Q: 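One structure, as structure tokens, below. Some questions next.
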There are 2 protein chains.
Amino acid sequence: MQVSKTLDYAVRSLTYMGNDPVLKRSMKEISEHQHIPLSYLAKIMRRLVKKGIVRSMVGPDGGYALRRSPKEIKLRDVYEAIEGEIRMVDCMDRDNICVFYDSCTQLPVWDKVQMSMIKILEDTTLQDMLSKSRGKSARPN
Amino acid sequence: MQVSKTLDYAVRSLTYMGNDPVLKRSMKEISEHQHIPLSYLAKIMRRLVKKGIVRSMVGPDGGYALRRSPKEIKLRDVYEAIEGEIRMVDCMDRDNICVFYDSCTQLPVWDKVQMSMIKILEDTTLQDMLSKSRGKSARPN
DNA sequence: ATATTATGGATGCATGATGTCCACAATATT
DNA sequence: AATATTGTGGACATCATGCATCCATAATAT
Ligand code: SF4
Ligand code: SF4
């Protein structure tokens with residue numbers, strides 16, 4: 001129940017790019033500025049490209065750029081590009097069919113948590129995470 | 001970002017016990033009825049005992065029983081007994097101090113998610129997860 | 001032609017979740 | 001007192017996966 005390092009990397013990279021959406025940034029640049037292992041960043045960028053969140057140019061002076069404006073990039077998109085579909089429990093897919101599924105009493109609760117999380121990620125855009133607009137909520141209990 | 005199998009086991013065990021709070025149930029019983037590996041269940045029960053959620057009696061006809069009424073057992077308690085403190089990202093504890101912490105723009109979002117999750121787990125009691133009262137929410141998108 | 005940059009795939013590594021074993025302590029029953 | 005039952009504590013085994021590295025190749029600007 002934690003944000004993976006990989007997702008953290010992805011968001012970091014995107015906010016970095018989002019701060020100057022017009023610029024093109026190379027992996028090397030992103031890697032250095034955001035302290036992300038270069039060769040691992042490559043993997044991450046690949047997923048963002050595949051999901052149409054960024055576009056890539058290969059060759060000298062190549063690099064990455066946002067494909068849409070920060071305002072149109074939902075955090076949910078990023079999450080799903082990295083982690084796949086948001087799913088709090090995996091009792092429904094593939095061969096993971098639990099015997100208790102039909103009468104399960106905790107599933108509704110996790111669904112509730114999941115929906116609440118989806119709503120937040122759906123309502124949060126990259127724009128909301130750029131350097132300018134900061135600090136709405138404080139650390140909770 | 002998923003509910004661990006261990007937590008699932010814990011909740012299952014507790015709801016099983018909660019359905020007849022007056023009864024005492026042995027590990028063997030719980031293990032068989034809830035399809036949980038016996039020796040692993042032992043580990044799980046230990047954490048629940050330590051956190052004062054259940055009490056244990058050793059010896060013949062021994063077993064476990066809820067220490068409080070189902071209505072007084074919050075899902076949050078269970079979660080924390082198993083997983084430790086709820087923490088969406090671990091950039092603040094120990095040596096995990098991220099260089100970007102002070103100017104981090106995504107932290108507020110995860111905080112928001114975390115608070116929302118805490119609220120739900122705090123408001124949900126074991127009582128809410130017993131066989132009788134079921135099915136409030138359906139599977140989301 | 002050359003240098004640069006991204007791509008794709010294979011592979012390695014470390015950590016943590018999950019699961020097992022066993023010797024021992026507690027206690028109810030006889 | 002002897003015995004059977006049940007939980008306890010610790011060590012250990014196994015497995016999956018997140019994280020990371022390497023390298024050969026393709027694309028392309030100069
Ligand atoms: S018990 Fe409920 S939540 Fe857990 S795996 Fe089975 S169906 Fe899913
Ligand atoms: S970037 Fe922000 S969220 Fe990610 S580790 Fe650093 S402080 Fe935490």
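Fair warning: this is a prediction, and the values are worked out from it, not measured in the lab. Reminder, nothing fancy here: chain letters follow the sequence lines and each chain counts from 1. The figures that follow rest on heavy atoms only: side chains count, while hydrogens, waters and symmetry mates do not.
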Q: Under a 3.5 Å distance rule, please check whether E80(B) uses its side chain to pair with a backbone N or O of E85(B) as donor and acceptor.
A: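 Answer holds: no.
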Q: So does K50(B) get a side-chain nitrogen or oxygen closer than 4.0 Å to the phosphate oxygens (OP1/OP2) of dT8(D)?
A: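 Answer no for this pair, as no side-chain N or O of K50(B) is under 4.0 Å from OP1 or OP2.
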Q: Mind checking M57(B) for me? I need base, sugar-phosphate or nothing, with any heavy atom below 4.0 Å counting as a touch.
A: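 It contacts sugar-phosphate atoms only.
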Q: Give the C-alpha distance, both sets of side-chain angles, the deciding distance and a yes or no for side-chain hydrogen bond (donor to acceptor under 3.5 Å, both in side chains) between Y9(A) and S4(A).
A: CA-CA 9 Å; Y9(A) 287 162; S4(A) 76; over 6 Å; no
Q: Within this structure, what is the OH-to-P distance between Y40(B) and dC15(D), rounded to whole angstrom?
A: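 Distance, rounded to whole Å: 15 Å.
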Q: One pair to check against side-chain hydrogen bond (donor to acceptor under 3.5 Å, both in side chains): S31(B) and Y40(B). What are the steps and the verdict?
A: CA-CA 9 Å; S31(B) 165; Y40(B) 191 51; over 6 Å; no
Q: Do any side-chain nitrogens or oxygens of S39(A) fall under 4.0 Å of OP1 or OP2 in dC22(D)?
A: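 Result: no.
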Q: Y64(A) and side-chain contact (heavy atoms from CB on, under 4.5 Å): which partner among K24(A), M45(A), E29(A)?
A: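 For Y64(A), the side-chain contact (heavy atoms from CB on, under 4.5 Å) check succeeds only for M45(A).
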Q: Could you give the NZ-to-P distance, from K24(A) to dA6(C), as a whole number of Å?
A: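 After rounding, the gap between these two atoms is 10 Å.
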Q: Nearest to the side chain of V58(B), which nucleotide is it out of dT27(C), dC19(D), dG19(C)?
A: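 Closest nucleotide among those given: dT27(C).
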Q: Can you figure out which of dT20(C), dT7(C), dT8(D) approaches the side chain of M27(B) most closely?
A: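 The answer is dT8(D), which lies nearest to the side chain.
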Q: Over how many whole Å does the gap from L41(A) atom CG to dT7(C) atom C1' extend?
A: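 In whole Å, dT7(C) C1' lies 13 Å from L41(A) CG.
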Q: Tell me which nucleotide among dT21(D), dA4(D), dT8(D) gets nearest to the side chain of R46(B).
A: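 Per side-chain heavy atoms of R46(B), the pick is dT8(D).
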Q: So which nucleotide from dT6(D), dT7(C), dT8(D) ends up closest to the side chain of A42(A)?
A: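 So the nucleotide nearest the side chain must be dT7(C).
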Q: Under 3.5 Å, is there an N or O donor on one side and an acceptor on the other linking the side chain of K43(A) and the base of dG9(C)?
A: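 Flag set: donor-acceptor pair detected.
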Q: Do the side chain of R67(A) and the main chain of R55(A) share a donor and acceptor less than 3.5 angstrom apart?
A: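 Pair absent, no side-chain N/O of R67(A) close to backbone of R55(A).
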Q: Of all the choices, dA26(D), dC19(D), dA26(C), which nucleotide is nearest to the side chain of S4(A) once you look at every atom?
A: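 Selected nucleotide (nearest to the side chain): dC19(D).
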Q: Kindly point out which of dT7(C), dA3(C), dC19(D) is positioned nearest to the side chain of T6(A)?
A: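 Looking only at side-chain atoms, T6(A) lies closest to dC19(D).
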Q: From CD1 of I44(A) over to P of dA20(D), roughly how many Å is that when rounded to an integer?
A: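 Rounded to whole Å, this separation is 8 Å.
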Q: Regarding dG7(D), can its base be found pairing with the side chain of K28(B) as donor and acceptor, where the two atoms are less than 3.5 Å apart?
A: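 Donor-acceptor pair under 3.5 Å: no.
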Q: Which part of the nucleic acid, if any, lies within reach of G62(A) when heavy atoms closer than 4.0 Å are counted: base, sugar-phosphate only, or nothing?
A: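 Contact class for G62(A): sugar-phosphate only.
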Q: Expressed as a whole number of angstroms, how long is the span from I36(A):CD1 to dT21(D):C1'?
A: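 Atom CD1 in I36(A) sits about 16 Å away from atom C1' in dT21(D).
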Q: Nearest-Å distance, CG (D61(A)) to C1' (dT30(D))?
A: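 It works out to 11 Å between those atoms.
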Q: Going through the distances and angles, do D77(A) and R68(A) end up as a salt bridge (Lys or Arg N to Asp or Glu O under 4.0 Å)?
A: CA-CA 12 Å; D77(A) 300 333; R68(A) 295 171 253 153; 3.5 Å; yes
Q: Measuring to OP1 and OP2 of dT7(C), would you say a side-chain N or O of Y64(A) lies under 4.0 angstrom away?
A: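 The answer is yes; a side-chain N or O of Y64(A) sits under 4.0 Å from OP1 or OP2.
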Q: Does the side chain of Y9(B) get closer than 4.0 angstrom to OP1 or OP2 of dA17(C) through an N or O atom?
A: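 False: Y9(B) side-chain N/O out of range (4.0 Å or more) of dA17(C) OP1/OP2.
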Q: What is the distance, rounded to the nearest whole Å, between atom CG of L38(B) and atom P of dT5(D)?
A: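 Interatomic distance, CG of L38(B) to P of dT5(D): 15 Å.
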Q: dA6(C) phosphate, OP1 or OP2: any side-chain N/O from S56(A) under 4.0 angstrom?
A: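 Result: no.
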Q: Choose from dT7(C), dA28(C), dT4(C) the nucleotide whose nearest atom is closest to any side-chain atom of P60(A).
A: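 When the side chain of P60(A) is considered, dT4(C) is the closest of dT7(C), dA28(C), dT4(C).
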Q: Could you tell me the separation between the CZ atom of R47(B) and the P atom of dT8(D), rounded to a whole number of Å?
A: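 Computing the R47(B):CZ to dT8(D):P distance gives 14 Å.
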